[in-house]
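Read the numbers this way: they start at 1 and go in the same order the structure lists the ligands and their atoms. When reading the values below, keep in mind they use all heavy atoms of this one structure, side chains included, and skip hydrogens, waters and symmetry mates.
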Amino acid sequence: MKTSKLGINTVCAHVGEVEDTQYKSAISPLFMATSYSYDGMDAKRYPRCFNSPNQEALAKKVAALEHCEAALIFGSGMAAISHALLGLVQKGDHIVFPETMYGGAYNFVVKEFPKYGIEFSFAKGFSEAHFSNEIKANTKLIYLETPSNPLMKITDLEMVAMLAKKHNCITMIDNTFATPINQNPADFGMDIIMHSATKYMGGHSDISAGTISGSKEYIDKILSTSVNLGGHLSDYTVWLLERSMKTLALRVKRQSKTAKKIARWLEQHDQVDKVYYPGLKSHPDYAIAKKQMRAYGGMLSFELKEGLDSIAFMRALHLIKYSMSLAGVESTILSPSETSHFLLTPEEREKQGIKDGLLRFSIGIEEKKDLIADLEQAFSTLK
Ligand code: PLP
């Protein structure tokens, strides 16, 4: 199938299916085997080699969605990040990370890299100068997260890709918040595109998974380390993830549309101090977001006015769940300092601009009017 000409919902529904040659079923059959004959076969198949039929098929869907040649499916977003980074760099290499990034990834870098002799530093902002100031003779990779978790900061993909090419560095981006529906970093020159598929790709708060996409050359390099680390995803969950991804574009387009409307509503609310959403004209990086994103995603963060108790506000919500993680069909809300960024010290959080009262809101597929009614009744309890 020529995937480049297909519309986005057709790619989600059909690319990367396992063909059922025996019974002609309409969906992919599930191959749970951990043992395959290698006699006269095109490959020596084994789940930890990332080449079981279901893994290979789903990787094709992910690669097509990210406009890349190849992809790999992992057991979590953190497995995708750790396998890719350990596959691409070695002792003595240096990586530039952004000023703010997902707390678990930050923790992985600061806790594990010193054990392997991998050097790293953090850009002090998001401009070209901030990234270029960190580049050293041994810099091998520049890592990005845009929009970033939880403050929705935007980095200019084209700018970083050009800077990296000039210095012969690989670029890697965590594209989880944007999703391939709203942003294709490969089109702007990014080399490696990562997702916590636990989020939008899974989309129903019931799958833990991760993906990496890129050129065949880079994916083969990451694969050769990944088979040693063993972070592949079980085939049953791969099969469930394929099912979830058939509705990825439907869900994300709906979530993005509702999020933009709710961001505008929150921005004018008299109990809200600040809203962080890249689709708002008031967002400092709106122009860059507009250049590289088709829509602005289903995630936003906000701070209540001074003196209002954000935890009491969350507890007062009925429909919107006070819950970990994000990107499900159900709306959820959390405090990053209690969850995603809990592993950071208060000083590290302050440096990243993450206030204790900040709330991160993941908009689901519910009706906008029902979400607003729930927010309104929770605000009324604070008066
Ligand atoms: N990247 C982002 C932006 C995330 O929000 C998360 C998890 O919350 C991860 C990576 C890690 O993914 P996982 O929890 O699937 O390991």
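- Ligand 1 lies out of reach of Met101, whose nearest heavy atom is not under 4.0 Å from it.
- Nearest protein neighbour of atom 12 (O) of ligand 1, counting heavy atoms only, is Ser196 OG, 3.0 Å.
- Nearest non-hydrogen protein atom to atom 11 (C) of ligand 1 is Tyr102 CE2, 3.4 Å.
- A salt bridge links Glu303 to Lys355: one of the charged nitrogens lies within less than 4.0 Å of a carboxylate oxygen.
- Inspection of the Asp174 and Thr176 side chains reveals an N or O donor paired with an N or O acceptor under 3.5 Å.
- The protein non-hydrogen atom at the shortest distance from atom 3 (C) of ligand 1 is Asp174 OD2, 3.4 Å.
- The Gly77 neighbourhood of ligand 1 comprises atoms 12 (O), 13 (P), 15 (O), 16 (O), with distances under 4.0 Å to a heavy atom of that residue.
- When atom types are taken as modelled, the side chain of Gln292 and the backbone of Leu157 share a donor-acceptor pair closer than 3.5 angstrom.
- Residues Lys199 and Leu326 have side chains in contact (heavy-atom distance under 4.5 Å, counting atoms from C-beta outward).
- Residue Phe177 has no N or O atom closer than 3.5 Å to an N or O atom of ligand 1.
- The single protein non-hydrogen atom nearest to atom 8 (O) of ligand 1 is Lys199 NZ, 2.8 Å, given as residue, atom name and distance.
- For the residue pair Tyr106 and Glu348, a side-chain donor N or O sits within less than 3.5 Å of a side-chain acceptor on the partner.
- For ligand 1, the polar-atom distance check finds no N/O of Arg360 at less than 3.5 Å from any of the ligand's N/O atoms.
- Heavy-atom contacts of Asn149 reach the following atoms of ligand 1: 5 (O) (cutoff under 4.0 Å).
- The protein atom (non-hydrogen) at minimum distance from atom 16 (O) of ligand 1 is Met78 N, 2.8 Å.
- At a cut-off of 3.5 Å, with distance as the only test, no side-chain donor of Asn54 or Glu242 sits close to an acceptor on the other residue.
- In terms of protein heavy-atom proximity, atom 15 (O) of ligand 1 is nearest to Thr198 OG1, 2.6 Å.
- With 3.5 Å as the limit, one finds no donor-acceptor pair spanning the side chains of Glu145 and Ser148.
- For a threshold of 3.5 Å applied to N or O pairs, the pair formed by Glu145 and ligand 1 contains no separation below that value.
- For ligand 1, none of its N or O atoms has an N or O atom of Leu326 under 3.5 Å away.
- A salt bridge does not link Glu99 to Lys351: none of the charged nitrogens lies less than 4.0 Å from a carboxylate oxygen.
- In this structure the side chain of Ile73 never reaches within 4.5 angstrom of the side chain of Thr237, judged on heavy atoms.
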